[in-house]
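Beneath this line is the structure, given in structure tokens, with notes to follow.
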2 protein chains.
Amino acid sequence: MEEPKRPGERRPVVMEDVAERAGVSAMTVSRVLNSPEKVRPATRARVLAAVKELDYRPNAAARVLATGRSGVLGVVSFDTTLYGPASTLYGIERAAREHDYMISIVSLGVLNRKTIGEGVDRLRSQNVDGIIIVAPHESAAEGLRDLPPDLAIVVVGAADDLPFPLASVDQYGGAVRATRHLLSLGHGTVWHLSGPADWVDAHARVEGWRAALLAEEREVPEMIMGDWSAQSGYQLGRQIIRDPEVTAIFAANDAMALGLLRALREAGRRVPEEVSVVGFDDVPEAPYFSPPLTTVRQNFGEVGFRAFRLMLDRIDAPDAEAMPHRRVVEPELVVRESTGVLR
Amino acid sequence: MEEPKRPGERRPVVMEDVAERAGVSAMTVSRVLNSPEKVRPATRARVLAAVKELDYRPNAAARVLATGRSGVLGVVSFDTTLYGPASTLYGIERAAREHDYMISIVSLGVLNRKTIGEGVDRLRSQNVDGIIIVAPHESAAEGLRDLPPDLAIVVVGAADDLPFPLASVDQYGGAVRATRHLLSLGHGTVWHLSGPADWVDAHARVEGWRAALLAEEREVPEMIMGDWSAQSGYQLGRQIIRDPEVTAIFAANDAMALGLLRALREAGRRVPEEVSVVGFDDVPEAPYFSPPLTTVRQNFGEVGFRAFRLMLDRIDAPDAEAMPHRRVVEPELVVRESTGVLR
DNA sequence: GCCCAGATTGTTAGCGTTATCAATGAGACG
DNA sequence: CGTCTCATTGATAACGCTAACAATCTGGGC
């Protein structure tokens with residue numbers, strides 16, 4: 001029972017075609033698709049059969065125009081090749097799929113007021129139902145402040161004084177745990193190889209590290225600032241370890257820790273016998289570094305998932321504008337072989 | 001000159017509002033936005049001013065409905081947390097942004113006929129102008145074969161006998177280079193720690209490796225199959241290196257090479273003095289492995305970029321259905337310290 | 001000053017769906 | 001057996017934009 005389609009003149013199947021075939025009106029087809037319980041089972045079956053026979057696919061643009069809702073969520077994210085943003089994005093996408101949402105992404109190479117604004121504008125004109133912003137930079141905060149507060153926006157891993165729901169990992173707590181772990185092994189104090197200045201996470205980890213040291217009245221060494229890359233871990237590491245006093249280093253992520261381990265090996269300093277190293281992230285490769293890396297595991301997928309849930313809440317309760325929720329995921333210290341008792 | 005907006009009754013600004021404010025018709029506003037050269041400069045300026053004053057943002061859904069083109073590209077991708085897919089995606093996104101396209105993604109945890117079909121359907125109903133499929137699995141090929149050939153589809157890194165334009169890296173050539181490099185260092189033959197069975201790239205690398213060995217009439221050792229993870233590299237590595245004959249190993253990606261290096265270290269086999277290791281990918285961390293990894297660099301970003309260009313060609317020349325183009329990016333051997341002359 | 005071609009602007013009619021209200025049908029009840 | 005109610009279904013009008021054609025304006029040449 002193929003349709004007599006003259007090739008070259010194929011017109012996309014529209015709702016009216018289905019209606020005709022099923023012997024009903026277009027409106028009934030629409031109802032079958034959106035609220036089937038309002039259509040008598042016999043009619044419904046006929047319509048569904050017609051839908052299948054014609055391989056009908058509703059036109060989302062028309063639906064959006066008529067309803068004002070698109071079923072698409074926008075994500076504005078920083079460099080999606082980084083482990084954190086990529087995993088978060090993946091978590092969001094999985095959650096979205098479960099709830100029949102689609103994801104439109106804008107990935108930014110630079111995060112500031114201008115680029116964020118542009119990204120949000122692009123998504124807005126696509127009629128997204130809401131926007132999740134993965135904005136790990138502090139300068140991003142300004143860009144967020146002048147967004148219209150009536151927009152459904154959820155923020156991931158940003159400063160916590162923004163007027164939007166927020167999902168993030170407790171970076172501060174993770175840094176505290178990492179630092180305490182090193183102190184508990186007998187190290188007099190802990191050096192910190194931090195992330196770049198502008199990053200919220202980097203800042204929070206610095207604060208956690210500092211607080212943990214102060215709480216036990218240890219000296220707070222000067223902080224060394226990297227850029228997340230293994231390369232910076234290596235180069236800065238070579239400088240740090242010239243000082244024989246340095247026996248415990250907390251690197252702000254696993255990549256820098258890897259570079260640091262490399263520098264230590266080249267310098268002939270043994271890990272963990274002479275120097276202990278802790279990372280942050282727990283990338284899948286961390287257990288296979290030399291030596292296997294003690295690090296702080298953060299579950300980015302879970303963060304993405306929670307960000308999506310926050311968005312769903314926000315969409316379903318649009319009146320709750322003044323109710324910015326927080327969903328904080330706790331990180332977990334994973335002890336491996338890069339840390340040991342000082343002797 | 002703020003609009004007298006009664007709160008709670010804010011209606012989105014539409015084209016007609018702008019037209020009224022500028023004292024022109026809606027059509028003129030449309031023209032200013034889409035083909036400004038057809039409007040007299042003075043009028044254009046007035047319209048643009050009105051656009052800015054009202055903060056007007058065109059409704060994409062309405063435009064799609066009227067034109068049939070959305071300016072959105074769909075991407076169906078496998079697990080976007082993996083280095084390859086994530087980098088490719090990023091490349092696509094950057095290229096798209098330059099050309100004012102948006103990207104809608106569907107990331108799949110499992111790649112087969114069913115999931116690919118669903119992903120494509122979801123994107124199709126979103127009126128995407130085209131779909132880029134990042135389909136590194138062989139079983140994905142079947143899923144691709146029964147897609148309507150009139151759809152604008154571009155495939156990344158899949159089998160090369162599909163009726164779609166294709167962008168990929170010359171995996172075979174990369175594997176040949178890696179293997180030859182090891183042979184040139186004096187190793188009698190080269191073992192291969194491959195990627196999982198179903199992957200196109202894994203298969204091509206196996207073929208390249210085998211061909212390089214056969215070309216120099218070397219014995220072809222049994223292939224060991226991993227799953228891309230550092231963990232599998234470690235576990236399988238422990239078995240391989242029990243055999244003292246094994247002096248040169250080509251791992252199908254950097255993560256497995258890392259696991260392998262770890263296994264070698266634990267077994268007390270020195271790299272590269274006793275065993276040489278080559279990876280594949282050149283992840284940013286590879287130079288900081290212990291020892292720094294010799295590997296084959298593949299430029300995923302470039303692949304994404306070319307995939308986008310292919311899509312643009314396809315969209316602009318819709319008649320060229322029977323002209324599947326190929327864009328193959330050549331990988332590059334990067335020699336570091338994990339390979340050395342056998343002695 | 002008048003006419004004509006080309007430039008500029010306006011009018012009308014969809015694009016494919018859904019909201020709303022009207023119309024129809026089928027039972028239920030007295 | 002007639003009337004009323006609720007369940008189904010249908011007709012019409014948006015939703016916001018642009019394609020296609022119509023109308024108007026502009027300036028140059030005579």
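What you see below is based on every heavy atom in this structure, not just the backbone, and it leaves out hydrogens, waters and symmetry mates. All chains are named by letter (A, B, ...) in the order of the sequence lines, taking the proteins before the strands, and each is independently numbered beginning at 1.
- Listed nucleotides: dG10(C), dG16(D), dG16(C). Nearest to the side chain of Ala66(A): dG16(C).
- Listed pair Arg40(A) / dT9(D) meets the phosphate criterion, a side-chain N or O lying under 4.0 Å from OP1 or OP2.
- Under a 3.5 Å cut-off, the side chain of Arg44(A) and the backbone N or O of Val39(A) do form a donor-acceptor pair.
- Residue Val64(A) is classed as having no contact, given no heavy-atom separation below 4.0 Å to the nucleic acid.
- Atoms CG (Asn34(A)) and C1' (dT20(C)) sit 15 Å apart, rounded to a whole Å.
- Between the side chain of Arg57(A) and the base of dG16(C), no donor-acceptor pair under 3.5 Å is found.
- Arg97(A) and Glu93(A) are joined by a salt bridge, as a carboxylate oxygen and a charged side-chain nitrogen come within less than 4.0 angstrom of each other.
- Here the C1' atom of nucleotide dC17(D) and the CE atom of Met15(B) are 6 Å apart, to the nearest Å.
- Under 4.0 angstrom from either OP1 or OP2 of dC15(D) there lies no side-chain N or O belonging to Asn59(B).
- Protein atom CZ of Arg69(A) is 14 Å distant from nucleotide atom C1' of dT18(C), rounded to whole Å.
- Contact between the side-chain N/O atoms of Ser30(A) and the OP1/OP2 oxygens of dT18(C) is found at a separation under 4.0 Å.
- Regarding contacts with the backbone of dA11(D), every side-chain N or O of Ser25(A) stays at 4.0 angstrom or more from both OP1 and OP2.
- Comparing Glu37(A) and Met27(A) by the nucleotide of DNA chain D that holds the closest heavy atom to each, the one mapping nearer the 5' end is Glu37(A).
- Distances shorter than 4.0 Å separate some side-chain N or O of Thr28(A) from OP1 or OP2 on dG10(D).
- At a threshold of 4.0 Å, the pair Glu302(B)-Arg306(B) counts as salt-bridged, since one of the basic side-chain nitrogens sits closer than that to a carboxylate oxygen.
- The interatomic distance linking Asn127(B) (CG) with dC17(D) (P) rounds to 17 Å, in whole Å.
- Residues Leu65(B) and Arg63(A) both approach DNA chain C. Their nearest nucleotides, taken by heavy-atom distance, put Leu65(B) toward the 5′ side.
- Rounding to the nearest 0.5 Å gives a distance of 9.0 Å between CZ of Arg63(B) and CD of Gln126(A).
- Between the NZ atom of Lys38(B) and the C1' atom of dT9(C) there is a distance of 13 Å, given to the nearest Å.
- Distance, Arg46(A) CZ to dT9(D) C1': 11 Å, rounded to whole Å.
- Salt-bridge check for Arg122(B) with Glu118(B): failed, with every basic side-chain N at 4.0 Å or more from each acidic carboxylate O.
- To the nearest angstrom, P of dT20(C) lies 12 Å from CZ of Arg31(A).
- dT18(D) atom P lies 13 Å from atom CD of Glu16(B), rounded to whole Å.
- In this model, the phosphate group of dA19(D) is not approached by any side-chain N or O of Thr67(B) to a distance below 4.0 Å at OP1 or OP2.
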